[in-house]
Amino acid sequence: MTTAKPLRVGMVGYAFMGAAHSHAWRTAPRFFDLPLQPQLTAVAGRNASGVRAAADKLGWESAETDWRRLIERDDIDLIDICTPGNTHAEIAAAALEAGKHVLCEKPLANSVEEAERMTVTAEAAAKRGVFAMCGFSYRRTPALALAKRMVDEGRLGAIRHVRAQYLQDWLSDENAPMTWRLDRSKSGSGSLGDIGAHSIDAAQWIAGQKITGVSALLETFVPERPLAGDLVGLGGHGDVGQDTPRGAVTVDDAAIFSARFAGGAAAVGAVGVFEATRYALGRKNAMRLELNGTKASLAFDFEDMNALSFYDAAESPDAGFRRIFVTEPEHPYVGNWWPTGHGLGYEHGFTHQVVDLVHALAQGTQPEPSFANALQVQRVLAAVEASAANSSQWQKV
Ligand code: SOE
């Protein structure tokens, strides 16, 4: 039995992200020694039977049909926001003002203006010891955390190129149904904010440099989609016929941009290319990142997420890229799991996110990525949209 003080969590939303977060809250204290003991106190969702069933399935002690109840309850210390982007700003502000910590899914908001307000609120709350963090969970994939460590140790030298792709294919079928992810009023943008945001955050974090300007294009390949119930938001194909009514897709299907970076130790910043799409047939969740430095290169593909490819120019040139199997106990997060070679999965990133968040909260320090970090990503998203709307003209961030 742990003697750690409880951290009582209230989660809003219970679909794909809600399930991933629930798993993380349940699992983190079983594999990591945590200074606070997470408790799955309550989950909120609008549909009474749906949220009750989710509470039972995902392990929550109680269910509420209005997120405001979570804020009112004095047995909740942290609000975990797993809902579409259009709801983030209101929920986060209410929680922080009520003295509750916040974990908010990415992208932080649906506009820079909202993200700015959220950041102001979060920075004021932090002065009172109440903290907010944004859920860019890929930072906690061991291979990407190792990449960050290697860049910080100077093993790549100065970073010249950043090559980032996030490729999925679940929209390739033009009869895949409409989902909230394709409705700008709910999601803010399409591939760009949903998956491109992960690439932007990971690239900047690992390279230790910030994007200063972009030239972009966006495309929507399928402008209308069948309105045929999709619960998880990832397309599941229902019964779609010629008569099925169709709804307008109001977001980008694909986003492509080039970027300049600055900051860090390098005199000349890196240049980058980014691509995010849900139409890359055969690529299911290929979140790829390659960095070329003056001394070495690193490459990662989430479809082979336990590995990192490393080329060191100091080794013999014909050694080529070597594969680091990121399953050794000295690799980030890995030592708390299985014996060498057994590998981790998608859900572990969320568990590690909880671990890092809980440690920061116990120490009274700002967890990262902060809302300010996520606001900066939001500014890049906005610059990409502005450039694309203006014939790819260079747009400063
Ligand atoms: C859906 O496109 C999605 O689940 C994103 O919303 C997640 O953030 C990413 O991890 C995988 O793809």
Side-chain angles (χ1 to χ4, degrees), residues 12-24 80-88 103-110 133-145 164-173 176-184 186-203 205 218 220-222 225 230-237 249 251-255 274-289 300-305 344-354 369 373-374 377-378 380-381:
V12 195
Y14 54 84
F16 176 21
M17 277 308 107
H21 284 225
S22 302
H23 176 273
D80 184 2
I81 306 173
C82 294
T83 47
N86 62 318
T87 63
H88 291 181
L103 170 60
C104 181
E105 258 305 323
K106 46 49 63 177
L108 183 60
N110 281 2
M133 171 176 162
C134 185
F136 282 111
S137 57
Y138 286 87
R139 289 190 182 199
R140 272 84 189 188
T141 299
L144 287 177
Q165 295 178 315
Y166 200 143
L167 314 176
Q168 299 181 336
D169 73 353
W170 57 276
L171 282 183
S172 303
D173 176 352
M178 190 59 195
T179 98
W180 68 265
R181 288 175 199 274
L182 307 182
D183 174 354
R184 190 178 172 84
K186 297 204 170 69
S187 60
S189 68
S191 291
L192 175 63
D194 183 30
I195 52 179
H198 280 302
S199 298
I200 294 166
D201 178 68
W205 179 65
L218 299 174
T220 303
F221 300 114
V222 179
R225 286 187 173 271
D230 165 46
L231 293 179
V232 262
L234 282 182
H237 295 218
V249 171
V251 299
D252 58 281
D253 284 332
F274 289 77
E275 185 184 10
T277 178
R278 294 151 163 171
Y279 286 72
L281 260 185
R283 303 293 177 209
K284 303 301 173 181
N285 200 44
M287 192 272 199
R288 299 168 170 181
L289 189 61
F300 171 79
D301 183 342
F302 193 82
E303 290 187 357
D304 187 15
M305 64 167 287
L344 301 186
Y346 175 67
E347 71 278 21
H348 290 84
F350 296 90
T351 304
H352 303 153
Q353 175 168 279
V354 160
N373 299 143
V377 173
Q378 202 82 41
V380 178
L381 300 177

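Counting starts at 1 for both ligands and their atoms, following the listed order. Nothing here was measured: the structure is a model prediction, and the numbers come from that model. Quick note: residue numbers are just sequence positions, from 1.
A side-chain donor-acceptor contact under 3.5 Å links N285 and Y166. Judged purely by distance below 3.5 Å, without hydrogens or angles, the side chains of Q165 and R288 pair a donor atom with an acceptor atom.
Counting heavy atoms under 4.0 Å from ligand 1, residue H198 touches it through the side chain alone.
Using modelled atom types, no side-chain atom of E105 and backbone atom of P84 make a donor-acceptor pair closer than 3.5 Å.
Checked against the 6.0 Å centroid criterion, the rings of H23 and F350 do not qualify as a close aromatic pair.
Residue R278 places no N or O, backbone or side chain, under 3.5 Å from any N or O of ligand 1.
The pair R181-D194 counts as a salt bridge, with a side-chain nitrogen and a carboxylate oxygen less than 4.0 angstrom apart. Ionic pairing of R278 and D253 is not present here: no N-O contact between side-chain nitrogen and carboxylate oxygen is shorter than 4.0 angstrom.
In the vicinity of N285, heavy-atom distances shorter than 4.0 Å reach the ligand 1 atoms 11 (C). Contact atoms of ligand 1 toward Y138: 9 (C), 10 (O), 11 (C) (distance under 4.0 Å to a heavy atom of the residue). Taking every non-hydrogen atom of K106 and a distance limit under 4.0 Å, the qualifying atoms of ligand 1 come out as 5 (C), 6 (O), 7 (C), 8 (O). Each of the atoms 9 (C), 10 (O), 11 (C), 12 (O) of ligand 1 lies under 4.0 Å from some heavy atom of Y166. When each atom of ligand 1 is checked for a heavy atom of F16 under 4.0 Å away, the hits are 4 (O).
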